[in-house]
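Take a look at the structure below.
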Amino acid sequence: MFDLISEILQTLQHNKLRTALTGFAVAWGIFMLIVLLGMGNGVANSFRENALAPGSQKIKVWGGRTSKPYHGYREGRNIPLKNADIERISKENGGFVDEVNSVIYGGSANMSSGKYSRNVSYTGVFPSQITTEGNINKIHGRIINDKDMASCAKVVVLPLEYASQLFPPDGTKAVGKRVDFGGLSYLVIGVFEAPWNRNVFIPYTTAQMLAGNEDNPGSLNIMLKNLETIEDGDNAEKELRGTLAKAHDFDPDDESALWVWNQFSQGLKGLSAMNILNMSIWILGLLTLLSGVVGISNIMFVSVKERTHEIGIRRAIGAKPRTILIQIIAESVAITTLFGYIGIVLGTVASQLLDMGIGDTDFIKNPTVSLATAIEVTVVLIVAGALAGLFPALKSLKVKPVEALRDE
């Protein structure tokens with residue numbers, strides 16, 4: 001063991017500049033691989049957080065216009081969605097439909113608490129939508145419930161910014177108070193806080209009543225369950241088209257009759273793209289590392305040539321070829337691993353700095369590498385070192401003891 005370490009140190013001491021430059025290439029390749037993997041993880045984490053967030057596993061449907069004649073109807077017929085479709089979809093597709101809801105975006109008007117006022121726009125929603133929209137954090141009171149929906153209650157949930165303006169200084173006393181909005185009086189039942197979310201929520205049924213009970217929800221959000229694969233998502237979309245085609249009498253294969261955004265399938269496809277991105281990063285990093293590996297191999301060829309006489313003596317006194325082979329490969333692995341770990345350490349530090357700087361943005365989340373990735377890179381280093389030393393080691397086995405002893 002000590003002899004092997006001594007041999008490795010001797011190899012490092014010969015051609016110090018060449019060893020340093022080659023080692024730098026290895027360290028740089030590993031450094032870039034770690035940083036690129038960290039950035040790739042950051043992008044994938046951000047996408048995964050959005051694609052798999054609560055409320056994102058859904059299919060959204062809008063009414064469209066037919067492009068095919070069907071059952072005596074000509075093409076070009078409008079297909080408006082109806083409120084009855086909400087219950088119909090839940091009833092006929094219960095195997096994969098968790099809930100069906102919709103949203104009504106109302107107009108803007110002045111909201112007043114008596115002494116203070118401001119202009120706001122309301123959004124009519126189902127109870128579950130408040131908990132899944134925009135990372136909403138309830139801080140006072142409660143949210144809209146089924147009882148509010150059933151009674152078309154005139155209740156409202158305010159964002160903290162509006163509550164603070166209507167009931168200064170901090171909006172903590174808003175719950176239980178009344179506000180006038182659009183000529184009607186509403187009871188404030190809750191206050192929430194969420195980044196970039198300034199919606200004023202009222203029950204969907206209340207918003208529908210304000211719209212004159214118009215039987216046109218505009219769009220439907222179908223929340224999904226019991227689905228795992230892209231194929232599951234595509235089959236769910238096909239069945240939903242079939243259900244609505246039967247209800248509105250259009251060809252189920254007419255994709256123009258409905259506008260469908262299958263967020264579930266699109267999210268899984270996006271995750272597959274992230275896997276391809278990660279693979280591309282590995283390939284790019286390995287190609288960068290290749291230049292260093294070639295340099296290490298070159299150093300080992302020089303080392304074998306310089307030690308031809310030594311190898312001949314060892315062969316002459318009975319050293320087995322396997323022993324010499326292992327020694328050369330071990331030296332190569334040691335050099336590659338030494339400089340490689342320098343790259344790992346520097347790459348990890350750089351990833352941590354990136355995490356501190358941009359690790360909580362909308363597009364990048366936690367751009368660092370895991371322990372599993374570090375282990376994978378270590379394996380890559382060992383394999384790369386072994387490959388770098390393999391050909392010089394094979395060349396050393398071709399040295400004939402008699403010729404080597406004559407070599408000066």
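Nothing fancy with the numbering, it's 1 onward along the sequence. Computed from a prediction, not measured in an experiment: that's the story for all the values here.
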Worksheet item: Does the side chain of Gln57 pick up a donor-acceptor pair with the side chain of Asp98 at under 3.5 Å?
Response: no
Worksheet item: Do Asn101 and Ile86 pass the side-chain contact (heavy atoms from CB on, under 4.5 Å) test, and can you show the C-alpha distance, the side-chain angles, and the key distance before you say yes or no?
Response: CA-CA 7 Å; Asn101 54 51; Ile86 295 176; over 6 Å; no
Worksheet entry | Least distance between heavy atoms, Ile281 atom then Leu33 atom | O-CD1, 3.9 Å
Discussion item. Under the rule for salt bridge (Lys or Arg N to Asp or Glu O under 4.0 Å), what residues qualify as partners of Arg88, not counting sequence neighbours?
Written reply: Asp85
Fill in: salt bridge (charged side-chain N to carboxylate O under 4.0 Å, His left out) contacts touching residues 152-174 (sequence neighbours left out)
Glu161-Arg198
Item to complete: Please check if the side chain of Asp254 supplies one atom and the backbone of Lys68 the other of a donor-acceptor pair under 3.5 Å.
Response: yes
Discussion item. Counting C-beta onward and ignoring hydrogens, is there a side-chain heavy-atom pair between Lys58 and Ile222 closer than 4.5 Å?
Written reply: no
Fill in: Heavy-atom side-chain contact between Arg65 and Ser256 under 4.5 Å
no
Worksheet item: Does the side chain of Glu75 reach to within under 4.5 Å of the side chain of Pro69, using non-hydrogen atoms?
Response: yes
Discussion item. I need the Phe31 CZ to Thr348 OG1 distance, nearest 0.5 Å.
Written reply: 10.0 Å
Worksheet entry | For Pro159 against Val191, the heavy-atom pair lying closest together | C-CG1, 4.3 Å
Worksheet item: Can Asp148 and Ile202 be said to form a side-chain contact (heavy atoms from CB on, under 4.5 Å), step by step?
Response: CA-CA 9 Å; Asp148 297 326; Ile202 66 173; over 6 Å; no
Worksheet item: Quick check: are there more than 12 heavy atoms from other residues, nucleotides or ligands sitting under 6.0 Å from NZ of Lys225?
Response: yes
Worksheet item: If we ignore angles and hydrogens, is there a donor and acceptor under 3.5 Å between the side chains of Ser128 and Glu99?
Response: yes
Fill in: Expected output: side-chain Asn78 to main-chain Pro80 donor-acceptor under 3.5 Å
no
Practice prompt. Under the side-chain contact (heavy atoms from CB on, under 4.5 Å) rule, what do Gln129 and Thr123 come out as? Steps first, then yes or no, please.
Written response: CA-CA 11 Å; Gln129 290 173 276; Thr123 303; over 6 Å; no
Discussion item. Using 0.5 Å steps for rounding, measure from the CG atom of Leu258 to the CG atom of Leu240.
Written reply: 9.5 Å
Worksheet item: More than 12 non-hydrogen atoms from neighbouring residues, nucleotides or ligands closer than 6.0 Å to CE on Met209, yes or no?
Response: yes
Worksheet item: Are any non-hydrogen side-chain atoms of Glu255 and Arg241 less than 4.5 angstrom apart?
Response: yes
Practice prompt. To the nearest 0.5 Å, tell me how far Phe181 CZ sits from Asn119 CG.
Written response: 8.0 Å
Worksheet item: Should Tyr204 and Phe126 be marked as a ring pair (Phe, Tyr, Trp, His ring centres under 6.0 Å) after you check the CA-CA gap, both sets of side-chain angles, and the distance that decides it?
Response: CA-CA 6 Å; Tyr204 178 84; Phe126 282 68; 4.9 Å; yes
Discussion item. Treating Asn226 as the side-chain partner and Gly95 as the backbone partner, does any N or O pair qualify as donor plus acceptor under 3.5 Å?
Written reply: yes
Worksheet item: Can you check whether Pro217's main-chain N or O pairs, donor with acceptor, with Ser102's side chain at less than 3.5 Å?
Response: yes
Discussion item. Would Ser265 and Asp234 count as a side chain to side chain donor-acceptor pair (under 3.5 Å) here? Give the steps.
Written reply: CA-CA 7 Å; Ser265 292; Asp234 293 341; 3.2 Å; yes
Discussion item. Regarding Ser112 and Asp180, do their side chains bring together a donor and an acceptor under 3.5 Å, going by distance alone?
Written reply: no
Discussion item. When you measure from the side chain of Arg142 to the backbone of Gly190, do you find a donor-acceptor pair of N or O atoms at a distance under 3.5 Å?
Written reply: no
Fill in: Trp261 atom CH2, over 12 foreign heavy atoms within 6.0 Å
no
Worksheet, complete the sentence: For Phe250 and Thr66, the nearest pair of non-hydrogen atoms, with its separation, is CB-CG2, 4.0 Å
Item to complete: Look at the side chain of Thr206 and the backbone N and O of Cys152, then say whether any donor-acceptor pair between them is shorter than 3.5 Å.
Response: yes
Worksheet item: Can you tell me how far the CG atom of Asp253 sits from the NZ atom of Lys238, to the nearest 0.5 Å?
Response: 7.5 Å
Worksheet item: Which heavy atom of Arg118 sits nearest a heavy atom of Leu166, and at what distance?
Response: N-CD2, 4.1 Å
Worksheet item: Among side-chain atoms of Asp232 and Thr229, is any donor-acceptor pair under 3.5 angstrom?
Response: yes
Worksheet entry | Asp249/Arg77 ion pair, N-O < 4.0 Å | no
Discussion item. Looking at every heavy atom in both Val175 and Ile189, which two are closest together, and how far apart are they?
Written reply: CG1-O, 3.9 Å
Worksheet item: So do the side chains of Asp146 and Pro127 get within less than 4.5 Å of each other, counting heavy atoms only?
Response: yes
Discussion item. Does the plane of the ring in Phe192 sit parallel, tilted or perpendicular to the ring in Phe201? Use 30° and 60° as the thresholds.
Written reply: tilted
Item to complete: Drop me the distance from Asn235's CG to Glu237's CD, to the nearest 0.5 angstrom.
Response: 10.0 Å
Worksheet item: When you look at Tyr122 and Leu210, which way does the side-chain contact (heavy atoms from CB on, under 4.5 Å) test go after all the steps?
Response: CA-CA 11 Å; Tyr122 69 85; Leu210 294 176; 4.0 Å; yes
Discussion item. Restricting to ring-ring contact (aromatic ring centres under 6.0 Å, His included), what partner residues turn up for Phe264, sequence neighbours left out?
Written reply: none
Worksheet item: Asn110 and Ser117: which non-hydrogen atoms are nearest, and at how many Å?
Response: ND2-CB, 3.6 Å
Worksheet entry | Point-to-point distance, once rounded to the nearest 0.5 Å, from OG of Ser280 to CG of Leu36 | 11.0 Å
Worksheet entry | Backbone N/O of Leu37 and side chain of Asn41: donor-acceptor pair under 3.5 Å | yes
